[in-house]
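I have placed the structure first, in the form of structure tokens, so that the comments after it can refer back to it.
Only heavy atoms go into these numbers, but all of them, side chains included; no hydrogens, no water, no symmetry mates. Predicted model, so just to flag it, every value in this text is computed and none were measured.
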Amino acid sequence: MNVSPNQVGKTCHAIVKKVLRIVPNDKTWPLFKDNGIYCRPWEGPKTLVVLGYDKGQIIDVLWPELQKWIPDEELGEYKSFANGGTKSPAWQYNPRVNLKCGSRIIFLTYEMKPSVCAGVKAKEVLADEQMPLAFFNELDQRGRTLGGINWDVSFTPHRVAGRADTGAESWLYDMWMGKNTRGHDIGRFRITVDEVPDHIYSKEQKELAYRQWIEIPRQTGDEEAIREGEARYYGLFQRPQGLFYPEVQPDIHFIDWGFEDIKDKAVTFYRSIDYGYANPTACGYWAVFSTGEYFLYDLYYVRAMDAIPHAKAIIERSGNKLIENKKFLDKVTQIEYKTFTEEFSAVRFKQTWLDWHCFKQQGGAGQSISFFFNVGGLKVSPSTKLDQEQRAQALRSFLRIDPNRRHLVTGEKGAPRMYISKRCEKWIWEWERLVFESRRVSDMSQNQKETHVDKNDHAIDQTEYMACSGARYIPDFVEKQIVLKPLNKSTGY
């Protein structure tokens, strides 16, 4: 799946992938010879189904792009008229194009009834823009006798007028998020406007697009325009409600750094945990810079485990080791526990915060959940007790752009105090779907609350704990040896 903004080349990217699958590849092509792309062995003729919004999109966009990339000797009389072609597909019917190698291309549109797919068996399908679920079901089922379909789905995730199944309400959104993969392994790709070479999408036009879709909607406060702009410029799924943290700007807050990029910088390390069993346990690995920035460089996100195995896994993900201590006997329950200590062999964490409720809630045998984290070797402290609305206020102060602060990576002015590694994918997809909770009276939606929906918010919750923690950079220091002086026998001092 390629979920990207307008005009960044996602359709071209999908078409090139499909062409390489349906025609014999030549190792001497510059694509392979000069650019190091893998030359796929020929596996024989295949059927490719190309899906588009309507016939106009097929004729004006998809077919010319296919002609551009399919070798003329394969197209024969169907090559472009500029290259000597003499024939066009029968657009007034259900057009097919047969290639010299035996592969064929079938064109269908979403305006048609899904039953048009009856009898169509294809190994390759290219679905451009947001495909209705009925088309997916019809083609996917028929492709099973061929060993399954290789799908390439490329689209801009905005809400399409007249179609309620688009944007964040789409079945494609659930597939992208991993909620319902329809039995497929999902590859997720996103091309940003900034990644498009300037000779294709000029710097001036990029700036105009940013102004049109991002800057002006934010200045006017038009929530609907803001959400559409985020879809068309950043490639975020457009939702009917506003993002709970609209302060986040992907091109500014999300950076391509990890632990290796910061390990030798002036930072102090912390961890923050939101515990769950039925829901995921999210542990954020944070670095606080000497200049005051907070950076989430890694994220642990696992469900269906108890506190002790979580503690072990969180420590091991940190790169540290567990040292087994003597056993501990609970005199009340007479249960004996193996206890562990974290050895900071890779990273020394100044503090690890855990949701304060875990210090009250029982995790079994009359002990709190925090007790079992400590037994497992993870020394935890209670997080803030502020409610969600107050935590959000604290986090917003870190996310807001300060025009005088310099960016952690680029050094340019106009930056926040908090950054998220692009490798923390679960954090990003939680943020993308986190919206305001609405009050409901009878069947009518009323004013929005100042809290977010209580769902898929675990990575965000631990971020709020971190924002309220008061964590700061603490330079390395050498502890002085304390020498105890003899007490005065008369005064006791």
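Between Tyr297 and Phe269, the angle of the ring planes goes over 60°, which puts this pair in the perpendicular group of the 30/60° scheme.
Take Ala134 and apply the side chain to side chain contact (heavy atoms under 4.5 Å, CB included) test, not counting sequence neighbours, and it matches Pro114. Evaluation of the salt bridge (charged side-chain N to carboxylate O under 4.0 Å, His left out) rule for Glu260 yields Lys263 as partners, not counting sequence neighbours.
The distance between the ring centers of Phe398 and Tyr294 falls below 6.0 angstrom. With ring centers used as reference points, Phe135 lies under 6.0 Å from Tyr110. In this structure, Phe136 has its ring center closer than 6.0 angstrom to the ring center of Trp151.
The pair Lys426-Asp298 does not meet the salt-bridge criterion, since no charged nitrogen lies less than 4.0 angstrom from a carboxylate oxygen.
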Take Tyr173 and Phe237 through the ring pair (Phe, Tyr, Trp, His ring centres under 6.0 Å) test and state the conclusion after the steps.
CA-CA 7 Å; Tyr173 179 68; Phe237 282 84; 4.8 Å; yes
Could you go through the salt bridge (Lys or Arg N to Asp or Glu O under 4.0 Å) check for Asp198 and Lys206 one step at a time?
CA-CA 9 Å; Asp198 288 348; Lys206 290 176 183 177; 2.8 Å; yes
Would Tyr300 and His310 count as a ring pair (Phe, Tyr, Trp, His ring centres under 6.0 Å) if you check the C-alpha gap in whole Å, the side-chain angles of each, and the deciding distance to 0.1 Å?
CA-CA 9 Å; Tyr300 171 88; His310 273 312; 5.7 Å; yes
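Within the structure, the ring-ring contact (aromatic ring centres under 6.0 Å, His included) test picks out the following pairs touching residues 185-214 (sequence neighbours left out): Tyr210-Tyr233.
To the nearest 0.5 Å, the span separating OG on Ser381 from NZ on Lys350 amounts to 10.5 Å.
Checked against Phe373 for a ring pair (Phe, Tyr, Trp, His ring centres under 6.0 Å), the options Phe359, Tyr275, Trp353 give a single hit: Tyr275.
In this structure, a donor-acceptor pair under 3.5 Å is absent between the side chains of Thr268 and Arg348.
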